[in-house]
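Chain letters run A, B, ... following the sequence lines, proteins first, then strands; residues in each count from 1. Quick caveat, the model's predicted, so the values are computed rather than measured.
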Amino acid sequence: MGNIEKKDISMHYDFKEIEKNWQDFWAKNETFKAKNNSDKPKYYVLDMFPYPSGAGLHVGHPLGYIASDIYARYKRHKGFNVLHPQGYDSFGLPAEQYAIQTGQHPAVTTAANIKTYRRQLDQLGFSFDWSREVRTSSPEYYKWTQWIFIQIFNSWYNKDTDKAEDVETLIAKFSADGNANVNAVCDDDIESFSAADWKAFSDVKKQEILLQYRLTYLADTEVNWCPALGTVLANDEIVNGVSERGGHTVIRKKMTQWSMRISAYAQRLLDGLNTVDWPQPLKDSQTNWIGRSQGASAVFNVKDHDEKIDVFTTRPDTIFGVSFMTLAPEHELVSKITTEVQKAEVEAYIEATAKRSERDRMADVKTISGAFTGAYAEHPFTKEPIPIWIGDYVLAGYGTGAVMSVPCGDQRDYDFAKHFNIPIPNIFEGVDISEEAHADKDKTVIANSDFLNGLPYKKAMKLAIYELEKLGQGEGKINYRLRDAVFSRQRYWGEPFPVYYVDGMPQMIEKEFLPIALPEVEKYLPTETGEPPLGNAEVWAWDTVTNTVVNNSEINNSTVFPLELNTMPGWAGSSQYFNRYMDPHNENEIFSKEAIDYWQDVDLYIGGSEHATGHLLYSRFWQKFMFDKGLVPKDEFAKKLINQGMITGTSAFVYKVRFEITQADEFYDRDEVEKFHAELISNNPIFISKNLVDKLLASDNPENFEFLTRKVEGKLNELEDLARKKFPKVEVLRVELDLGKNFLMPLHVKVNYVNASDELDIHSLKTDDEFGEDFEKAIFIGEKGEIIDGKNDVYKVGREVEKMSKSKYNVVNPDAICEEYGADSLRLYEMFLGPLEQSKPWNTAGITGAHGFLKKLWRLYHSGAEGAFAVSEDEPSKDSYKTLHKTIKKVEEDIENFSFNTSVSTFMIAVNELGAQKCSSRKVLEPLAILVSPYAPHIAEELWKQLGHEGSISTVDFPKFEEKYLVESSKEYPVSFNGKMRFKLELPLDLSKDEIEAAVMAHEKTAQQLQGRTPKKVIVVPGKIINIVG
RNA sequence: GCUCGAGUGGUGGAAUUGGUAGACACGUUGGACUUAAAAUCCAAUGGACAUUAGUCCGUACGGGUUCAAGUCCCGUCUCGAGUACCA
């Protein structure tokens, strides 16, 4: 052998060599390391934090990363100091579930997964500043998550200043005036106390009271408990009444949990949406989630009791239509007011509703159920008695958990009243309510309502509130659907709380002793006594003398105390990571003032829309909190946000024909015969090609089936022989095609065995490691109807767009694409597929277009002998200049508009044109390389180097567009007759309207079109179009 | 049910203010090169009729505005996403 010819890199487009070289170069030179100070303006481009899953990336995942990378690279060319970091949201359920099953420590699996992720990200050529990488599961990082938790704990929300303040200011108020004049967001059931009371309270009592005000607090809450996962879930982690992860049942349960008082920020979270450039659907879903509604609270006294029922209503104008009250079954008054007679019924009802899971409750919304308490409330105006019911259509968690039921104006109240035969008084003028409630507000006039008679909705509403306030039995009120967020998880693989307990009261650990590291445990399941997994830790107690974590055996509750056993939820680590990236290795502060003052906020944030009501809401909440504390300069962390669409898969199907065996089975054991048949059929499948499928489905012409039967006769006979050998005593034994209704069975096959023409590689399928055996004896009938044997025919698969998933065998791994076509091709193709925000199907076949483009691009710079690098110093032709500047203009506009798909087309057009022009001028090819560089950075760097430049292309100035190269002297006008384009006419652009009209009318084709008619009108839009009407 | 978003060739998609519908790419068909294949290059490619010149239809469907509508207005249908007893 000896001399294997070493190919000159300049000779052909060797993407493997090029991509590897430049990835090494970038890493070695830290090309994309961002400085925290610069004369350049800053720009912060961020991708949503990835969870490093075990499965690695498929081609759908990098879509957003490619877009953000293009934008980041573009901004560098435009003279910005760009921050483009990446890291891992590495706490999470999958690693823990794996740990439970295998005993493998989640840290080990997580580290391995991160390694795979990193390799996959690196091979795509992203311009991340890896020196800033963070991992939420590393103690250096979660130290600051714990620190933020402490800050939140030490804060309360002052409604007077409308911001979070230190609890010290609250304590000062308590000491001075008690709590009567404190205007705070806090628990509802707070007793009032004077300054003297406060001073007299025990220490524990004071702590208890403060907990009711803190922005994160410990309280008995109705939580969403998921028994299968063994943990509570936040509202956004439940989809359709089951857990988002795994789809497990969720039930309501009362538990002591940490909660975040996000409800304090409801209005500001709503208002902030108007200040950010985020997609409207995302804003809409946050708006819905926060669920602001304006109305009034009204107080109804309970007859023969001291109790009051506080309700929230959006329709105080309908207060005279109240004919009953409904309380949620969980409402605290229920047990107090229920009469002896009704007790049994009410208790039975409460028990029945408590048992139902969230999903059950949601599933039968239509079933009306409830019970009468026997008690009556008093109408604030008429003083009439109103029966009090309970019903599970009233939610304990919304408003006050009680409603004033106005059946004539609310469909749910109406249905409930109908079902239980409760009167339905009509308080609307001229409205028929015999069939359904009248929920319309506009054009509604109130009647039968005392002082509200004759008033329209808006006026009645104001007056009703005024009168309620006068009575001291209500006031105008705004209510939010947004609940406080449960912040405890009964899990191992999450941030430990920096909390220990003294007399049952939570105490924060001082900042200088953080982080409190996750302890080692024997097993990752809850303890036998039902405590969270940290209950298994042996070294999990806090020594207040040494300020260290010590063995549980040392707990004495005087100096050594038990630590918190819950961990923080998944969103804890991702709620401030974007700020930590600004100064990720700072050991003394979460980030320095200089860093945050320089970077300010995220300029562009790209990620999936699935985070709308989770991460993106919690992050905004924490940001606003940090803003209140003066820690960050902006109260919204991301100016612009884009949701990239999903890439779906294009599944491939083969079609199995069913066939049957008819026989007499009286000589043999039935089960045995059936088993044999089943095996015979599954071992000898017959597949028919796509067009035969279409033919058979299109008509019930029996000839098509006969044709098919003839084709497979040989095989059927062979099977019959096998069957006869096995069961010789059977005389009638026939194998034939099943021509019944479902004669076809589509089966997924791996998409990588299908080529661009949808032809199946049968040989590879049959030798597949996983499924080869299933197809070994299979017969494939091809497009022409031939049994495939070598190259006599081809088998075409059917295709269908489905979600990319392992079970559908349509997952495409970027590693394989990079291997065959290179990262630059993959990047271009992903962008070329369609608009970023839209979801679109992946089909590997199309990548040849992007790859072909790169080869053509390469050839432009390699027009020398045998493809050697060659550019000329000659002045480019006018056409080449025009092509270049047209491209600069379009690409710049496209990137600014995030329309990456159209700029790829633009590049293709440019290269096609320059190729046709035989352009090899440096003056065109140099700027072209820069234009392409954000999209296909490796090839651009290589070309830049060959053009004779030192160093990276990445910060070279973006080419400047010059209008003068596009100025034209003439235009090819489309000439339309009655709006239909008939021919084209080249005319100078400096002609006046009249001159254009004259030129067109003089044209022979015009006469031909008009055929002697006189046009009624001639429309001329100079530079655009000519339309002749007549 | 409610709230958004979208319907354009065989496929992904383009069309900037209402102004040449289908750019660009895949696929398909034919051709060149080759012993052959791959690669590459050239040509055609919305449909129907005519196969020279042309004509008609065509952006989910039905109306409307306009010299001109994929684009604007009204109504209908279909699909997708989010949300779901929120008083």
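Side-chain proximity of M908(A) to the nucleotides A87(B), C24(B), G27(B) is greatest for C24(B). Considering only the side chain of R481(A), U83(B) comes nearest among C4(B), U83(B), A23(B). Comparing C4(B), A84(B), C57(B) by their closest approach to the side chain of K980(A) singles out C57(B). If you check A87(B), G12(B), U17(B) against the side chain of K1024(A), the one that comes closest is U17(B).
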Dot-bracket for RNA chain B, 5' to 3', with Watson-Crick and G-U pairs under 3.5 Å, [ ] for crossing pairs and | for other-strand pairs: what is it? (((((((..(((......[....)))((((((.......))))))((((....))))..(((((..]....))))))))))))....
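Under a 3.5 Å cut-off, the side chain of D484(A) and the backbone N or O of S263(A) do form a donor-acceptor pair. A donor-acceptor pair is defined here as one N or O able to donate and one able to accept, closer than 3.5 Å; no such pair exists between the side chain of R982(A) and the backbone of S976(A).
Donor-acceptor pairing under 3.5 Å is recorded for the side chains of Q411(A) and D415(A). Neither side chain, S903(A) nor T906(A), offers a donor N or O lying under 3.5 Å from an acceptor on the other.
A distance of 4.5 Å separates CG in L63(A) from CD1 in I647(A), rounded to the nearest 0.5 Å.
Salt bridge absent: K993(A) and E997(A) never bring a charged side-chain N and a carboxylate O closer than 4.0 Å. The existence of a salt bridge linking K882(A) and E968(A) is confirmed by a sub-4.0 Å separation between a basic side-chain nitrogen and an acidic carboxylate oxygen. The pair K690(A)-D758(A) does not count as a salt bridge, with every side-chain nitrogen at least 4.0 angstrom from each carboxylate oxygen.
Across all strands shown, N288(A) has no heavy atoms under 4.0 Å from either base or sugar-phosphate atoms. Heavy atoms of Q838(A) sit under 4.0 angstrom from primed sugar atoms or phosphate atoms, though from no base atom. Within 4.0 Å (heavy atoms only), R982(A) reaches sugar-phosphate atoms of the nucleic acid but no base atom. Across all strands shown, I1019(A) has heavy atoms under 4.0 Å from base atoms, whether or not it also approaches the sugar-phosphate. Here S609(A) lies out of heavy-atom contact (under 4.0 Å) with every strand. Here N901(A) lies in heavy-atom contact (under 4.0 Å) with sugar-phosphate atoms only.
Taking the ring centroids of F324(A) and F416(A), they lie under the 6.0 Å cut-off.
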Hey, what are the protein-to-nucleotides 37-42 of chain B N/O distances that come in under 3.5 Å?
| residue | atom | partner | partner atom | Å |
| --- | --- | --- | --- | --- |
| U40(B) | OP1 | K855(A) | NZ | 3.4 |

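Place V1021(A) and A850(A) on RNA chain B by their nearest nucleotides, and V1021(A) ends up nearer the 5' end.
For the pair K984(A) and U20(B), the criterion of a side-chain N or O lying under 4.0 Å from OP1 or OP2 is not met.
With its glycosidic angle more than 90° from 0, G54(B) is assigned anti.
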